[in-house]
2 protein chains.
Amino acid sequence: MHVKLIPVAAAADRDVFEGTTAVVFDVLRATSTIVTALAAGYRRIYPVAEESAALALAHKHGYALAGERGGRKIPGFPHGNSPLEFWPGDGKESEALVLTTSNGTGAIQMASGAARVLTGSLLNARAAALAALKEGRDILLVCAGTGGAFSLEDALGAGFVLAELIRATGETPPMDDLAMAAYRLSIFYGNDPLGGLLDSRHGQRLLALECEDDLRWCAQLNKFNIAPVFMHDHIYVP
Amino acid sequence: MHVKLIPVAAAADRDVFEGTTAVVFDVLRATSTIVTALAAGYRRIYPVAEESAALALAHKHGYALAGERGGRKIPGFPHGNSPLEFWPGDGKESEALVLTTSNGTGAIQMASGAARVLTGSLLNARAAALAALKEGRDILLVCAGTGGAFSLEDALGAGFVLAELIRATGETPPMDDLAMAAYRLSIFYGNDPLGGLLDSRHGQRLLALECEDDLRWCAQLNKFNIAPVFMHDHIYVP
């Protein structure tokens, strides 16, 4: 089992996903929000790249609708991209949520060429690691990045999943240098994941947008024991 | 002053260098070898991308010649790319050395669009940082990478230079997330730079090629107080 890290999903060659298990990270905030909404009771989440397509899908089926661009809620959308909008849930299983975000939803669709696509975040690092291990394939840690550039918070999410994977197997798998760097960063920030998120430019931007509670939420390690899967057109907990 | 890290020089857009001070890193081993050879007394080093051009230049002027491909000395070349081949020097200033390597010499030439091009390594991290500061421009930390991919050892070199820069100014400059990651990695590996080099795939490859002494050499922080400059076609100590 080899582990590779893709620093920016949009810049990746599609061939690289073939036959792998991909774990996708948009820690601030799409994949953290997806994990939270599923843990809160949503049964399916539809990640949609285009705003208009998201609107149409939600309207057609009466699904809930959430969307963000540049860190802000899309005007007219009932929900933005804050995980706290979906927690706590009402305890009942809600039907479905359509979500469109600047980077994360595109990254998930980019990874769809993989044999299995999992959703990763700090919130479910251990569960994502164990689910990826169980697949038995090479693993791609797929970072959404921000605006086409490497983002520290996604690499950190990947590093925490890798750390859980190494803890579970007791072995360090062969990995590329980006994966190794992410793993070492997860050790560096191990006692202060929030510090890691605050070191990122996107974390600083969200702080300026008064999303500090979101940052605190997304920095929680292993809060949820679910490993959501993307298949066909939606994400669910198998 | 902004700081950005270019993870793989060959993949960079040439425009990005314009008006900046570039510090180029090929820690294993081209820039470490360049710094060592200049500290040992060579007056000029000509980095040349092509093997045949290196041969022709050295032959024409009677310069010393060194070259490496895939971590090994080029057959027929008098020197490979080990810094230990040039240390200790004979105490006299040797004339010039022509050097061609797999990644580093190309990276230096790629950076030639910058207003100033400096040569960085762990060996001269502080001197490179102070020289870059003195220029007063935005700073690009330019990693050669290995075979077109991110390499941990170059990011680590960049991180140590950034750490020296922050130490010297007492301020953390605005920087992109890759630069921040490199800076944090330099703190993580601060007491064990050799461990960082050994965590890299290229470090492991050199270990397999019995270059452990080279790794130990390249892991020495601030051994030399020189900041070599690349200008026109050669590198020298101003």
* To do: Consider only side-chain N and O atoms of B:T21 and B:R116, and report whether a donor and an acceptor are under 3.5 Å apart.
  =>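 There is no such pair between these side chains.
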* Asked: Taking atom types as modelled, is there a side-chain donor on A:T100 or A:R69 under 3.5 Å from an acceptor on the other?
  -> yes
* When you look at CD of B:Q204, are more than 12 heavy atoms from neighbouring residues, nucleotides or ligands closer to it than 6.0 Å? ->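 Check passes, neighbour count above 12.
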* **Other residues, nucleotides, ligands: >12 heavy atoms within 6.0 Å of B:D13 CG** => yes
Partner chain A: residue of [options] with the largest heavy-atom pair count (under 4.5 Å):
options	value
B:I187, B:L185, B:T146	B:L185
B:A181, B:P174, B:A182	B:A181
B:L152, B:T172, B:D176	B:L152

* To do: Mind checking the CG-OG1 spacing from B:D214 to B:T33? Nearest 0.5 Å is all I need.
  => 7.0 Å
* Asked: Out of A:S151, A:A149, A:G196, which one racks up the most heavy-atom pairs below 4.5 Å with chain B?
  ->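 Answer, by heavy-atom pair count under 4.5 Å with chain B: A:S151.
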* Relative to chain B, which of A:H202, A:E153, A:M175 shows the most heavy atom pairs under 4.5 Å? ->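 Max contact count across the listed options: A:M175.
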* **A:Y189 portion near chain B, given a 4.5 angstrom heavy-atom threshold** =>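 Looking at A:Y189, just its side chain touches chain B.
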